[in-house]
Amino acid sequence: MLCTVCKKKEATVHLTQIVGDKLIKVDLCEECAKEKGIDDPTGFALAEVLMGLGVSEEAGQTASQTRCPQCGCSHADFKKTGRLGCPKCYEVFAEELAEVLKSMHRGARHVGKAPRKKQRARSVEERIELLQRKLEQAVAVEEYEEAARLRDEIRTLKKE
Amino acid sequence: MNLLDFLVPVEELVRRDGPEGCVVISSRVRLARNLEGMPFPGRAKKSDRAKALERIQEAVAQLPQMEGGLIRQMDSFSSWEKQALVERHLISREHAANGEGSGLALSRDQSVGVMINEEDHIRMHALLPGFQLEAAWRAIDELDTLLEERLDYAFSAKLGYLTACPTNVGTGIRVSAMLHLPGLVFAEQINQVIQAVNKLGLAVRGLYGEGTEALGNIFQVSNQMTLGESEEEILAKLRKVTAQLVEHEQNAREALLEKKPRMVFNTVGRAFGTLANAFTISSKEAINLLSVWRLGVELGMFPGVPRALADELLLLCQPAHLQLIRPREMKPEERDILRADLLRSRLAAVARPSLPPNHSDALDK
Ligand SMILES: [Zn+2]
Ligand SMILES: [Zn+2]
């Protein structure tokens, strides 16, 4: 069996992982495995290697010219390295990331620990999202009075 | 200070036994965190890296967990010292390649550590012997909670802790158990088991040699998903799967003794023979044979020999641990000779294998 990366040498490292709901097999030669840092069983995720190889199909077509204003990272940079440049990148590439995240993780929304300092801000954001959903529902069933009230409440929260 | 003077001596380290230590070598929980408004290390300019390093180092130094610990920049270690830290699972291989602008903090007992400017600004971990995932989570959660008061983490309500690689975003947690599974490998059940674990969304890592044989029959099981599940849920899943793997491994060992005792005793006996009598041996061969010998020790074939001796030799046979006891840089061939010398002398006092007490008639079957 030949190495998936260099397609030259005999593969001796065989890895299987679930990425999203797909079972992915990668076969690497000793050298490529070393280069990818995966001769160390402690520190890698196959998804990272695959993204580096451009194996991820979904990310394939939509590469845009957008760059992160904070760090200069482009979508092409992200595709090449599988890494984002800074926290702001998550907002800038939110659309492209949504697909990637969906294929990697169980959910699209964080559940779990939050820094104590961020908890208040977080609850406000959550409240806004909840109201927004209620607003959509109210519009859908043509309860315009309720919708107007919800809209005002969202506005006030956003100003905080 | 010399790194070796700081590291817990190997013979002491391996005597820290944990629950289910015969199968679960260690339990680890790591968290990935980044600073708000700063480029991630991979994209940061030298000055930004230095700034992040300084801020984090300062905050980490104030943690009570780091009292009497070590806080250093990566360029202050020799490459062999960094390699030894990798062999002890205290840093990643990627971090060993880092120098100026990256740092490391380790607690005095080396149960918790913080890598600074690895792939993320902060990679903190707790590492405990045996099956102690819960305790490892508590230890690192506590450290994280103290650290977040002193630093502003990049965090979004929707996506959680923001990390350089989207595979870690959300909780930024990786819970993992390092397992010794020679029984499942010998019984040729390991592939099935790995596939079953994969189906649960967990990763099984390990260096695969020919076929299904991992180096030293050592496997690491960990979560891959970090978004949409809480730390507790992830922890509970790993705890459950690890407990099942321990049970499978023990069943496999029992079944092997029951059905193929001669194969088991033959393999263990030969492994011991080579280890105790070789005059040159590569680290790969030594690790694979020591893994088999460790199984023999646990099966009672070497009465009076503690498992800790196998674990001690497993660590001492690794290249950097061998190199660091010598003042002069050795060639790989010289290390192979030194490794064999060490094994011969440490195993000289170990009696040749005998059949375990309750299996003395096993071979008649
Ligand atoms: Zn290759
Ligand atoms: Zn950015």
Side-chain angles (χ1 to χ4, degrees), chain A residues 12-21 23 33-34 37-48 51 68 70-73 77-78 81-91 94 97 100-101 104-118 121-126 129, chain B residues 28 34 36-40 42-43 86 89 92-94 119 141 144-145 148-149 152-171 173 176 194-195 198-199 201-210 214 218-220 224-233:
Chain A
T12 55
V13 183
H14 310 282
L15 299 152
T16 318
Q17 269 191 20
I18 292 264
V19 179
D21 51 7
L23 185 74
K34 248 195 198 130
I38 56 183
D39 50 340
D40 168 22
T42 60
F44 101 108
L46 193 57
E48 299 167 23
M51 286 220 299
C68 170
Q70 200 114 62
C71 73
C73 183
D77 292 336
F78 166 60
T81 61
R83 305 288 186 282
L84 293 156
C86 76
K88 180 91 182 157
C89 285
Y90 277 94
E91 286 170 38
L97 271 170
V100 178
L101 290 174
M104 282 172 182
H105 297 289
R106 177 126 306 157
R109 207 184 163 84
H110 175 56
V111 245
K113 189 172 180 176
R116 223 169 290 167
K117 290 185 231 170
K118 303 277 163 92
R122 192 185 174 198
S123 60
V124 171
E125 269 182 66
E126 265 168 12
E129 214 185 75
Chain B
R28 169 195 296 269
N34 286 281
E36 209 168 48
M38 300 274 281
F40 298 135
R43 193 149 187 114
V86 172
H89 303 288
S92 63
R93 210 165 279 256
E94 291 74 32
E119 180 181 299
D141 180 34
D144 176 55
T145 302
E148 77 178 30
E149 285 168 18
D152 288 314
Y153 286 159
F155 181 87
S156 113
K158 180 159 186 248
L159 294 177
Y161 296 94
L162 303 177
T163 52
C165 184
T167 52
N168 295 312
V169 78
T171 52
I173 199 172
S176 59
I194 289 176
Q195 277 173 21
N198 278 163
K199 285 212 181 92
L202 302 180
V204 182
R205 298 178 170 84
L207 221 209
Y208 283 57
E210 304 92 295
I218 293 168
F219 299 84
Q220 191 182 256
Q224 329 192 67
M225 298 180 198
T226 50
L227 187 61
E229 284 171 295
S230 70
E231 291 85 353
E232 280 77 14
E233 287 171 289

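What you find for Met225(B) and Arg106(A) is that their closest heavy atoms are SD-N, 3.5 Å. Smallest separation of non-hydrogen atoms from Cys165(B) and Arg83(A): CB-CD, 3.7 Å. For the residue pair Pro87(A) and Gly37(B), the shortest heavy atom distance occurs at CG-N, 4.3 Å. Scanning all heavy atoms of the two residues, the minimum distance from Val111(A) to Thr171(B) falls at O-CG2, 3.7 Å. Looking at every heavy atom in both residues, Leu159(B) comes nearest to His110(A) through C-CB, 3.6 Å. Listed here is the closest heavy atom pair of Pro166(B) and Tyr90(A): CA-OH, 3.6 Å.
Put simply, of Asp141(B), Asn34(B), Ile173(B), the one with the most heavy-atom pairs under 4.5 Å next to chain A is Asp141(B). With chain A as partner, the option from Glu231(B), Glu36(B), Met38(B) having the largest number of non-hydrogen pairs under 4.5 angstrom is Glu231(B).
Between atom OG of residue Ser156(B) and atom CZ of residue Arg109(A) there is a gap of 8.0 Å, rounded to the nearest 0.5 Å.
Looking at Leu101(A), the atoms closer than 4.5 Å to chain B (heavy atoms on both sides) all sit in the side chain, from C-beta outward. With a threshold of 4.5 angstrom between heavy atoms, Thr226(B) approaches chain A through its backbone and through its side chain. If you measure heavy-atom distances from Glu232(B) to chain A, you find no contacts under 4.5 Å at all. Residue contact with chain B, scored on non-hydrogen atoms closer than 4.5 Å, is absent for Cys68(A).
A donor-acceptor pair under 3.5 Å is absent between the side-chain atoms of Lys113(A) and the main chain of Asp144(B), judged by distance alone.
The shortest distance between side-chain heavy atoms of Asp152(B) and Lys117(A) falls below 4.5 Å. In this structure, the side chains of Arg43(B) and Asp77(A) come closer than 4.5 Å at one or more pairs of heavy atoms.
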